[in-house]
Protein chains: 2
Amino acid sequence: MATRLDPAARRDQILAATLRLVARDGFARVTLRDVAAEVGVVHGLIRHYFPTREQLMAEAFDAAVLAELEGDEEVAERVEPVEALADWLTTTPRDHYFVWIDAWSEAHRNPELLAALTRHHRDCERRLARIIERLAESGRGASDDPAADAKMLTALVDGVAVQHHAIDLIGRAEADRVVYTAAEDRLGLERGTLAASRPTAARGQWAADASPVAATAGPRADRRD
Amino acid sequence: MATRLDPAARRDQILAATLRLVARDGFARVTLRDVAAEVGVVHGLIRHYFPTREQLMAEAFDAAVLAELEGDEEVAERVEPVEALADWLTTTPRDHYFVWIDAWSEAHRNPELLAALTRHHRDCERRLARIIERLAESGRGASDDPAADAKMLTALVDGVAVQHHAIDLIGRAEADRVVYTAAEDRLGLERGTLAASRPTAARGQWAADASPVAATAGPRADRRD
DNA sequence: ACCGTTCTTGTCCGTATGGACAACAGCTGG
DNA sequence: CCAGCTGTTGTCCATACGGACAAGAACGGT
């Protein structure tokens, strides 16, 4: 059925499929058979690459964390701090956030996941703090305590993302507006500065192949053994 | 085994047990047998009260929303706005938040749950906006747009709650500090005002009986049929 | 051309779940 | 005291899951 693949390629394929399904169905509901069907192989094959369901999930989430943060670092260091800030604070693609929200709800009963989440969150705060620092150095903004400002803004971004993605209470425009306004007030920027410098491109992708996370995966189909 | 109970009492008992288990294991993992074991009855009895698992979950979540918001309204109207604000912005008990976070991750595949969440969120924002309004009227604070301030602070509270409860990155003291500082800046209060007026008592309870949510439910026990 | 490696499949098993149902038991009204 | 209602139990069933394993098929080195 499925053509024989390079082991590494198949692994990545399985991890990408797992992330798609987690975004759609949640960590707890994704079964090995689901993943196999999404990839187009027999469910026994999954076990050939991942000894247990838990390990699959753990590696999939690790891959997500890794992919989300890779590369941006030096790039962000070169662009104007105001632009970098506007980019960082803009809302993330929906399917990504579904995975994060699911991870939050799963973290307190999965220590590995909690560790990965903690590392990821610290990374996010650190990068944002660095942007704020550069903003203050450039004289275009002000901050007494970049770390504290970063922590507050990170929390705000997550909270707004919940309102936007999970509850669907506000649209993307308003989500950005809420965060931008708060950031401008906090960092001594004039109102509207951030919206004006928002770059056009969206942030990174997930899967190993070029397709976005939720490319496949229509309404949950029936499965067989 | 279990003594014959008043139907309404047994219903409430089942709903309370369900919420306890959802806080511990998540919506997706709670089984009818789990609930029955938690209550101390046979799993067939659950079906006598709730025709299907989905309905049980839906009603349990409705009960949670209802219990969380009931009563406080007129009470909040009588206390000093600064004190009411400090109370409203302080972090909610942990087990409650686990249910909310789980609900967020479940909402996009459960329309009823999404509707309940939306209503709840709107209620929260409305109440906070009312407090901010009274604060401005009293002259002790200022707000150009109470609704916008309420939306931003609600998002911040949720985001901080994630950092505090889900990721366990910050403690309760720091969680309150982050929110209080942001609120004070936004509403023209002097730094420290909110921390100084935090009331002593915590917010409401859930279950029908007096016990807190996670009273029972140690580390997940083995079950039998 | 052969042969070992390993990617891949098909099938089996024990377990757990949601749901259905008949029998039992305690309460209430006549 | 009896009959009916209903809360409660125990048991059964079809399904689906994670995991295990042996057999098949493609690939690579010699």
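The sequence lines fix the lettering, A, B, ..., with proteins before strands; numbering per chain opens at 1.
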Task: Under 4.0 angstrom between Y49(B) side-chain N/O and dG7(D) OP1 or OP2 - done: no
Task: Out of dG18(C), dT8(C), dG7(D), whichever nucleotide has its closest atom nearest the side chain of L5(A) - done: dT8(C)
Task: W100(B)/F61(B) aromatic ring centres below 6.0 Å - done: yes
Task: Nucleotide opposite dC27(C) in a Watson-Crick or G-U pair, distances under 3.5 Å - done: none
Open item on the list: Checking base pairs now: Watson-Crick or wobble, both atom distances under 3.5 Å. What partners dG4(D)?
Closed with: none
Open item on the list: From C-beta outward on L32(B), which listed nucleotide comes closest to its side chain: dT8(D), dC12(C), dG18(C)?
Closed with: dG18(C)
Task: NZ/NE/NH1/NH2 to OD/OE distance under 4.0 Å, R10(B) and D6(B) - done: no
- [ ] Nearest whole angstrom, please: distance from the P of dT9(D) to the CZ of R33(B).
- [x] 15 Å
Open item on the list: How many whole angstroms separate atom CD of E54(A) from atom P of dC17(D)?
Closed with: 17 Å
Open item on the list: For R130(A), give me all partners under side chain to side chain donor-acceptor pair (under 3.5 Å), at least two apart in sequence or on another chain.
Closed with: E77(A), E133(A)
TODO: Give a yes-or-no answer on whether the side chains of E68(B) and H120(B) include a donor-acceptor pair shorter than 3.5 Å.
DONE: no
Open item on the list: Quick test of your reading of the model: are E59(A) and R11(A) salt-bridged, counting only N-O distances below 4.0 Å?
Closed with: yes
Open item on the list: In whole Å, I'd like the distance from the CD atom of Q13(B) to the P atom of dG7(D).
Closed with: 14 Å
Open item on the list: Classify F50(A) by what it touches in the nucleic acid, base, sugar-phosphate, or nothing, heavy-atom distance under 4.0 Å.
Closed with: nothing
For nucleotides 20-30 of chain D, tabulate all protein N/O to nucleotide N/O atom pairs closer than 3.5 Å, reporting atom names and distance.
| from | atom 1 | to | atom 2 | distance (Å) |
| --- | --- | --- | --- | --- |
| dA20(D) | OP2 | R47(A) | NE | 3.4 |
| dA20(D) | OP2 | R47(A) | NH1 | 2.5 |
| dA20(D) | OP2 | R47(A) | NH2 | 2.7 |
| dA26(D) | N3 | R4(A) | NH1 | 2.9 |

Task: Separation of atom CE in M57(A) from atom P in dG19(D), rounded to whole Å - done: 10 Å
Task: Value in whole Å for how far the C1' atom of dC7(C) lies from CD1 of I14(A) - done: 11 Å
Task: Of the listed nucleotides dC12(C), dG7(D), dT8(C), the one nearest the side chain of L45(A) - done: dT8(C)
Open item on the list: With a 4.0 Å cutoff (strictly under), does any side-chain N or O of T3(B) reach OP1 or OP2 of dG26(C)?
Closed with: no
Open item on the list: Testing the 3.5 Å rule here: is there a donor-acceptor pair between the side chains of D34(B) and T31(B)?
Closed with: yes
TODO: Mind calculating the distance between CG (L21(A)) and P (dC17(D)) to the nearest angstrom?
DONE: 12 Å
Task: Atom-to-atom span, CG of D25(A) to P of dA16(D) - whole angstrom - done: 15 Å
Open item on the list: Would you say CZ of R126(A) has more than 12 non-hydrogen atoms from neighbouring residues, nucleotides or ligands within 6.0 angstrom?
Closed with: yes
TODO: Look at the side-chain N and O atoms of H48(B) and state whether any lies under 4.0 Å from the OP1 or OP2 oxygen of dG7(D).
DONE: yes
TODO: Indicate yes or no: does R177(B) engage E174(B) in a salt bridge with an N to O separation below 4.0 Å.
DONE: yes
TODO: Quick one: classify the glycosidic conformation of dC13(D) as syn or anti, with syn meaning within 90° of 0.
DONE: anti
Open item on the list: Return whichever of V41(B) or R53(A) has its heavy-atom-nearest nucleotide of DNA chain D closer to the 5' end.
Closed with: V41(B)
